[in-house]
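Let me begin by presenting the structure, written as structure tokens, before commenting on it.
For this chain, numbers begin at 1 and follow the sequence in order. What you are looking at is a predicted structure, and each value in this text was computed from that prediction instead of being measured. Numbering of ligands and ligand atoms starts at 1, following listing order.
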Amino acid sequence: MKRFNSGVIHFVVFISVLLFLGPGLSMHPFSYDHSLKSECLMELPQTINTGEGFQELKIKENGENGKVVERVNLQKGGIYSISAWVKLRNEKGRAVRITLRGKNVRYVDGGQIIAKKGCWSLLKGGFIVNVSAPVDIFFKSDGSAAADINVQNVRLQRFNKTQWRLQQDRVIEKIRKSKVRFQVSFQNKSTVEGSLISIKQIRPSFLLGCAMNYRILESDSCREWFVSRFRLTSFTNEMKWYTTEEVRGQENYTLADAMMQLAEESKVLVKGHTVLSDDKEWQPIWVQSITDPEDLRNATLNRMNSVMKRYKGRLIGWDVMNENLHYSYYEDMLGKNASAMIYSLASKIDPDIPLFINEYNTVEYAKGGVGSPINVKNKMEEIVSYPGNMNIKGGIGAQAHFVPAQPNLPYMRSALDTLGSLGFPVWLTEVDMPKCPDQVKYMEEVLREAYSHPAVQGIILYAGPEMSGFNKLTLADNDFNNTEAGDLIDKLLQEWQQEPAEIPVEYHEHNDEEESRIIGFSPEVSLLHGHYTVTVTNPSMKNFSTTFSLEVTTETGQLQVVQLELDV
Ligand SMILES: *[C@@H]1O[C@H](CO)[C@@H](O)[C@H](O)[C@H]1NC(C)=O
Ligand SMILES: *[C@@H]1O[C@H](CO)[C@@H](O)[C@H](O)[C@H]1NC(C)=O
Ligand SMILES: *[C@@H]1O[C@H](CO)[C@@H](O)[C@H](O)[C@H]1NC(C)=O
Ligand SMILES: *[C@@H]1O[C@H](CO)[C@@H](O)[C@H](O)[C@H]1NC(C)=O
Ligand SMILES: *[C@@H]1O[C@H](CO)[C@@H](O)[C@H](O)[C@H]1NC(C)=O
Ligand SMILES: *[C@@H]1O[C@H](CO)[C@@H](O)[C@H](O)[C@H]1NC(C)=O
Ligand SMILES: *[C@@H]1O[C@H](CO)[C@@H](O)[C@H](O)[C@H]1NC(C)=O
Ligand SMILES: *[C@@H]1O[C@H](CO)[C@@H](O)[C@H](O)[C@H]1NC(C)=O
């Protein structure tokens, strides 16, 4: 409850929340069911048939190198979600992949899972095809024979682009918005009539941010371009060790400090990138030549203390050990548990912010491999299960450097499901795609897919104006005029932020027996999560105006009732 006392207006706000558990996100495999843990089940769950475009596929045969289901006719432009339960007969654990092959479609990958012996794992993924053709769908495992894989309940569902988008919009309504209703109690009927509630969003909860490099320090236009759009950033190289300590013992934070100050002055949030990197090539030259593990341990401790304490309290997260699935410099030098130990130390230096893993080829690459979602999840679990790390705040960063081709959206969704299953925030941290004829369209698809996934809490583009050297995803030319990609980003920034609105208070006669006050109600409005300022005015009463702040979040449930008591 907040009390305001602004001169003649006595003003009290109560905020009550009506929580009701509506029909949650449904549980079938094509849904956004991020709560579905990727655990292995002893019994196959019940199948649920879902409407239009749904097909249950029969297992046809064992091919030479995989299990094949009956042939399906795919339609050009269709978005196909696929799910199946898989189990191994002999081996303990092995990756099983979905692959598609047809006349003009050669070996397109659709997703993968680590299948186990003795229990069923849910494999989800899908395809987007650009030809209409009959195709074969295989379930393959590198190494084990087709007969060793047991596949059940293969289910395919076709969506067109409109249906896919509709489904996203439905989820956005649930996960990014809440309903709010204002209830205003007045002493006097004539005060109610014509009263208006004006709402203005100060900051949306979900932020679409953009990378920043040192070039921003050189140009006021560049700075203006950035801060007029973005509220979230991460520096490309300026916080990295090779930048801040090029020569051992001579730390130089000039660039990072200046960019940090710029961000703070402009109320731009910063995610730290990166305390360390597991790739030998990205160490300062002098580190690369260290041979004594104890010497490296000392240098590493010094680095962590230096950079993390310097920016403590000023960042919203840290990438701790960049790319520690693709590389293993610290593991090779300091032992198998090096990353886990380093996250442990990092959480002691700065326990308050999420400590991210940051990997590539995770959501952008359906073939699996080193950076696959399941490997990222396992790595984070390994870090958290290291002694003393139980309570660290984890974070999952998927870099999302896409290739210039149609992104596989159903695969991306299943990848985000897997990454989200740990319950840590998932971010896309370096989103880009090289130039190609459909670059803008593909980028929009990727960004909308992320925004409509419940696990995703932030997006940072690896992009910028031409003068900053972002030559893959360029948002503005040398005059800071938007490119087409820039127009797209501006469009999304606007769409993902609540427009200011004026909501009328509708008069309702109400006999409040004790105080005989008059109660007015606003209609229910659906608002994007974020911070707002709310102003109550009545045009017919010149001096009647009062303002307060309001936060609309997931925690406020499905309907938040804001009660105002006004005594003029
Ligand atoms: C269709 O997609 C394949 C990749 O699956 C690509 O190689 C091919 O160029 C695409 N064709 C068209 C016409 O876009
Ligand atoms: C997509 O599917 C819906 C539902 O079947 C249909 O009404 C609509 O016309 C389709 N849109 C396109 C562009 O095919
Ligand atoms: C109600 O408010 C109006 C406008 O401020 C005022 O003229 C009128 O006297 C008030 N009536 C009562 C019963 O307080
Ligand atoms: C520190 O870095 C800044 C920016 O790169 C540079 O201008 C400056 O000369 C450096 N200072 C020292 C002492 O090397
Ligand atoms: C590492 O640091 C410790 C403590 O400061 C010191 O005693 C030790 O000699 C250092 N080791 C190396 C190889 O420099
Ligand atoms: C660290 O890794 C080794 C394997 O190299 C393992 O035997 C040991 O138990 C691990 N230590 C901890 C504390 O987890
Ligand atoms: C960029 O925009 C300015 C106006 O803001 C305009 O005068 C200029 O011609 C534009 N430049 C290009 C290359 O379009
Ligand atoms: C409104 O407030 C101002 C100063 O706060 C005062 O001078 C003025 O008389 C007020 N007007 C009315 C209509 O009450």
Restricting to ring-ring contact (aromatic ring centres under 6.0 Å, His included), what partner residues turn up for F226, sequence neighbours left out? F230
Donor-acceptor side-chain pairing of N237 and Y242 below 3.5 angstrom: yes
If you measure every N/O of N481 against every N/O of ligand 7, is any gap under 3.5 Å? yes
If you take all heavy atoms of E70 and K58, which pair is closest and at what distance? OE2-N, 2.7 Å
With heavy-atom distances below 4.5 Å as the criterion, would you say the side chains of R310 and D257 are in contact? yes
Is it the case that S306 and N302 place a side-chain donor and acceptor less than 3.5 Å from each other? no
Answer with side chain, backbone, both or neither: which part of E52 has a heavy atom less than 4.0 angstrom from an atom of ligand 2? side chain
Under 3.5 Å side-chain donor-acceptor pair for E430 and H401: yes
For ligand 5, run through the N/O pairs with the protein that fall under 3.5 Å and put one pair on each line.
unit_1: ligand 5; atom_1: 2 (O); unit_2: N298; atom_2: OD1; d: 3.1
unit_1: ligand 5; atom_1: 2 (O); unit_2: N298; atom_2: ND2; d: 2.3
unit_1: ligand 5; atom_1: 11 (N); unit_2: E294; atom_2: OE2; d: 2.8
unit_1: ligand 5; atom_1: 11 (N); unit_2: N298; atom_2: ND2; d: 2.9

Check whether Q163 reaches the backbone of N160 with its side chain - one donor and one acceptor, N or O, closer than 3.5 Å. yes
